[in-house]
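Taking it in order: structure first as structure tokens, then the write-up.
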Amino acid sequence: MSAPIVEERQIAGGTPATIRRPPDIAAVKLAYPLLDIVERAGVALRRSGSSRFQGLCPFHADHNPSFFVDVNRQRFVCYGCHAWGDVLDFVRLHEHLATVGEACAWLTGTPQPTSRRKMSGQASSSQRERRWDRLTLQEQLVMNAAGALYRDGLWRNATALEYVRGRGIPDWVIRSCGLGYADGRSLEAYLRKRGGLRVAEDLGLLRRPEPGEDGRPLRERFAGRVVIPEIRGGQPIWFIGRRPAGEAGRVKYITPPGDKPVLGFERAIGRRRVYLIEGVFDWLTAVSWNLPAFSTCGTDFPLDRLGWLARAEIVFGVLDADTAGREAAGRLGAALGRRWCPIALPDGCDLNDLGRQPDGRALFFRLTATAKRTEVQA
Ligand SMILES: [Zn+2]
């Protein structure tokens, strides 16, 4: 490896001096093949063509593998969140680094990959993950601006507003949860004027366009999506974006890169009976019923961070009745023991569907009353 990028040079006068030179980007790329770095980041890939590999995208909540690595071109692309680039772009995005130079430094500071697959499985535990509950002041100011622009955008966009109302979400929940809509222009325009573009790109709210896309240099990640924020202390610390109905082909939910926080944390912490809800709109239905509910926004819930639920006596679980939901229920039951109390909804019906039925709320509370706690093994 070409690690110490330092050269001796004779300065006029005869004193040797050490000059630091920018890293040789081509050499770094050659030394760190994209596929190895992607797999080392914990992304499981399978072959999908002579030079292509496919897997779940690490940069958004991906359920259908939409992330591709082309080993001939040494490029990756995600058809869900539109992340793309080479190995340095991957590292920059995955490690939340600001520049290609920082990505080079990060790569050359890590052990060189020995052979393919050998390192895979060593997931990103040692790597820095963004903690959304620990934003800097600059980051929080950008998040606040984004939250306000999105909120404004929802009331201006009749289609998006009708979509949310059509899912049975009352206006008071739209307001109290700070739901929004990203029009794809306002945030970029606002930050271009006021500053903060780079911070917003680093946070994953803006992204660089794909090759062939013309126009402005930065695009809004959530453009054209209904946006649901996680609010802590009255400020949005994270967003998840839902594509409106009728736009098949686009990934349903996207999130910015990094660790997913619990949605609705402040509604549930410290409560004796809490509701763990898999789906985002199901959670909004629970909020409309004034339940102390939080959403895991999917089934990949970090079981090593359940400490905040210690005061809960019962954790009611509302998970989808699919394979992933059943597996998650098993894991949660094992971790939460007698606290865990899964609720089985009627076949083919999620909580949001139930919320749109006239007797749905009453039915849900009947199911809650008869739900059985996990039996503790002696
Ligand atoms: Zn993606």
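One-based numbering, in listed order, for ligands and for the atoms of each. Values in this document were obtained by computation on a predicted structure and should not be read as measured data.
Scanning for ring-ring contact (aromatic ring centres under 6.0 Å, His included) contacts around Phe76 gives Phe67, Phe90, with sequence neighbours left out. Legend: residues meeting ring-ring contact (aromatic ring centres under 6.0 Å, His included) with Phe68, ordered by chain and number and at least two apart, are Tyr79.
Think of Leu137 as one node in a network of Ile, Leu, Val, Met, Phe, Trp and Tyr side chains linked at under 4.5 Å; its network also takes in Leu141.
Residues Trp283 and Phe294 keep their aromatic ring centres 6.0 Å or farther apart. If you look at Tyr275 and Phe316, their ring centroids are closer than 6.0 Å.
The Zn ion (ligand 1) has Cys57 SG, His60 ND1, Cys78 SG, Cys81 SG as protein N, O or S atoms under 2.8 Å away.
Arg221 places a side-chain N or O within 3.5 Å of a backbone atom of Gly204 that can act as its donor or acceptor partner.
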